[in-house]
Amino acid sequence: MIAIDFFCGGGGLTSGLIGAGISVLGGYDSCPDYKDTYEKNNKAKFICADIRNVNAEQIYGDFPAIKGKEDQLLFSGCAPCQPFSSQRHAKTVHKDVNLLVEFGRIVEAIKPAHVFVENVPGIRGKGKQVIDSFISVLKKSGYFYDYKVVNAKDYGVPQNRQRFVLIASRFFKPTIPEGTFGEGKTPYRTVRDAIAKFPEISAGGHNDSVPNHQASALSAINLERIQHTPHSGGDRRSWPPRLILKCHNNGHTGHTDVYGRMDWDKVAPTLTARCYSLSNGRYGHPTQDRAISLREAAALQSFSDEYVFYGTFVSIGRQIGNAVPVKMAEAMGKYIVRSAKNAMLSE
């Protein structure tokens, strides 16, 4: 099986598909910052292009190896999720709202054997019109399909991350595979499992022996706040009054994850593009007085320790936080490979 990864970012999905035994030829993304990370880790071609300007002719030109091999071809399209995120409250229409429709246009033109889509669960709410339009393309083009909201932790990712996934095929009737981790199965991978091995560093520090093991700096007051936050799961409710933020002084008891520490023996909370920032969620290290490092964030997204990220600190954080978790992608890829093989054998 061969594949092309649309909206490939830093390559989380590509890495997972490669782990599943799929030959990923390359990926498209509109952000040039991701090129080095994608190409150096995956040995695949990165095409910097806006999918709205990409057509079948260009794809065949960029990847001539797919010509005549459409029956072995997988297209993955994990369009930016911001338009459908539960964290987005703006009333204006997001500029990327129709990117999945554009992906559907390409699927309809080339008709790859298989299709994989990943997005936030909200795509079935805020994005209902978009996903329904995409599904209508699948039906018209002769695909069988299934979709479901799954949790990445069920597939070996040490993170609580709910995602909408869709698998479509022209050769078999998909059923989204169940995870193999959880109660009565293989125990969930925890924060401890993922990051306890990394050397200690301070806020704003780094350890050059481990790629990307760098933590963001903290202001004096935020350093004091994390020092007063109990280890392994503590939060701001333990701070002395002088450290409490003005917005919390009115008795506000919600949003306690902000400035909180991760718990060693639980899965991590959902990582975002700012997962390196103490003030953006429960991104504090379980015991060290800092936010998690970029390397630790990558491990919580189930990237291998050898996967090196390139770019500015902020860009790398975005590459990691926005990635499809590698182990979840690998599980989906293995299911598609296995199902396609079984379909061939039954012919």
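- The shortest side-chain heavy-atom distance between Asp263 and Val191 does not fall under the 4.5 Å cut-off.
- For the residue pair Ser76/Asp5, the side-chain donor-acceptor check at 3.5 Å is satisfied.
- For Asn41 (side chain) and Thr37 (main-chain N/O), a donor-acceptor pair under 3.5 Å exists by modelled atom type.
- Contact check for Phe116 versus Leu13: side-chain heavy atoms found under the 4.5 Å cut-off.
- Ile123 and Ile131 get closest at one heavy-atom pair: O-CG2, 3.8 Å.
- Looking only at atom types and distance, the side chain of Trp264 has no donor-acceptor partner in the side chain of Thr190 under 3.5 Å away.
- Pairing each heavy atom of Leu25 with each of Phe63, the nearest pair is O-CE2, 3.5 Å.
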Determine, stepwise, if the pair Leu17 / Glu330 fulfils side chain to side chain contact (heavy atoms under 4.5 Å, CB included). CA-CA 5 Å; Leu17 296 179; Glu330 183 176 327; over 6 Å; no

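- The line from OG of Ser279 to CD1 of Ile226 is 11.0 Å long, rounded to the nearest 0.5 Å.
- Checking side-chain atoms of Gln288 against main-chain N and O of His285 turns up no donor-acceptor pair under 3.5 Å.
- The two atoms that bring Val308 and Pro211 nearest to each other are CG2-CB, 3.9 Å, heavy atoms only.
- Between the CD1 atom in Ile221 and the CG atom in Leu218 there is a gap of 11.5 Å [rounded to 0.5 Å].
- For residues 172-184, the pairs satisfying salt bridge (Lys or Arg N to Asp or Glu O under 4.0 Å) are Lys148-Glu178, with sequence neighbours left out.
- Checked by atom type, the side-chain pair Asn342/Ser339 shows no donor-acceptor distance below 3.5 Å.
- In terms of modelled atom types and a separation under 3.5 Å, the side chain of Thr272 and the main chain of Arg274 share a donor-acceptor contact.
- Counting only heavy atoms from C-beta outward, the side chains of Val326 and Tyr155 never approach each other to under 4.5 Å.
- The heavy-atom pair separating Pro230 from Ser238 by the smallest distance is CG-OG, 3.4 Å.
- Looking only at distances, a side-chain donor or acceptor of Gln159 sits under 3.5 Å from a matching main-chain atom of Leu271.
- Between the OH atom of Tyr38 and the SG atom of Cys8 there is a distance of 5.0 Å, given to the nearest 0.5 Å.
- Counting heavy atoms from C-beta on, the side chains of Asp132 and Ser136 never come closer than 4.5 Å.
- Pairs passing the ring-ring contact (aromatic ring centres under 6.0 Å, His included) check and including a residue from residues 179-211, sequence neighbours excluded, read Phe198-His213.
- Taken together through direct or relayed side-chain contacts under 4.5 Å among Ile, Leu, Val, Met, Phe, Trp and Tyr, Ile4 and Leu166 form part of one hydrophobic cluster.
- At a cut-off of 3.5 Å, with distance as the only test, no side-chain donor of Asn42 or Thr14 sits close to an acceptor on the other residue.
- With Lys35 contributing its side chain and Cys48 its backbone, the two residues share no donor-acceptor pair below 3.5 Å.
- Among pairs with a residue in residues 61-75, those fulfilling side chain to side chain donor-acceptor pair (under 3.5 Å) read Tyr28-Asp62, Gln58-Asp62, Tyr60-Glu70, Asp71-Arg170, at least two apart in sequence or across chains.
- The side-chain heavy atoms of Ile18 and Lys43, taken from C-beta on, include no pair separated by under 4.5 Å.
- Counting heavy atoms from C-beta on, the side chains of Leu74 and Val115 never come closer than 4.5 Å.
- Under a cutoff of 6.0 Å and an axis angle of 45°, Arg225 and Tyr259 form a cation-pi pair.
- With hydrogens and angles ignored, the 3.5 Å screen pairs a side-chain donor or acceptor of Arg282 with a backbone N or O of Gly234.
- Between Asn212 atom CG and Asp208 atom CG the span is 11.0 Å, to the nearest 0.5 Å.
- Classified by interplanar angle (parallel below 30°, tilted 30° to 60°, perpendicular above 60°), the ring pair Tyr147/Tyr145 is parallel.
- With hydrogens and angles ignored, the 3.5 Å screen pairs a side-chain donor or acceptor of Ser346 with a backbone N or O of Ala343.
- Without hydrogens or angle criteria, Asp29 side chain to Gly9 main chain gives a donor-acceptor distance under 3.5 Å.
- In this structure, the side chain of Gln301 engages the main chain of Ala323 through a donor-acceptor pair within 3.5 Å.
- Ring geometry for Phe103 versus Phe75: interplanar angle of 30 to 60°, hence tilted.
- Aromatic ring pairs are classed by plane angle as parallel below 30°, tilted from 30° to 60° and perpendicular above 60°; the pair Phe172 and His114 is tilted.
- Ring centroid separation for the pair Phe303 and Phe309 comes in under the 6.0 Å cut-off.
- Annotation: side chain of Phe164 is not in contact with side chain of Val150 (no heavy-atom distance under 4.5 Å).
- Contact check for Lys111 versus Val107: no side-chain heavy atoms found under the 4.5 Å cut-off.
- Looking at every heavy atom in both residues, Ser302 comes nearest to Pro158 through CB-CD, 4.4 Å.
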Apply the test side chain to side chain contact (heavy atoms under 4.5 Å, CB included) to residues Ile292 and Met262: give CA-CA distance (whole Å), side-chain angles for both, the deciding distance (0.1 Å), then the verdict. CA-CA 9 Å; Ile292 58 170; Met262 292 183 181; 3.8 Å; yes

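- Side-chain contact of Gln319 with Ser315: a donor-acceptor pair under 3.5 Å is present, judged by distance alone.
- Within the model, atoms OG of Ser169 and CG of Asp146 stand 12.0 Å from one another, a figure rounded to the nearest 0.5 Å.
- Nearest heavy atoms, Ala20 versus Gly333: CB-C, 3.6 Å.
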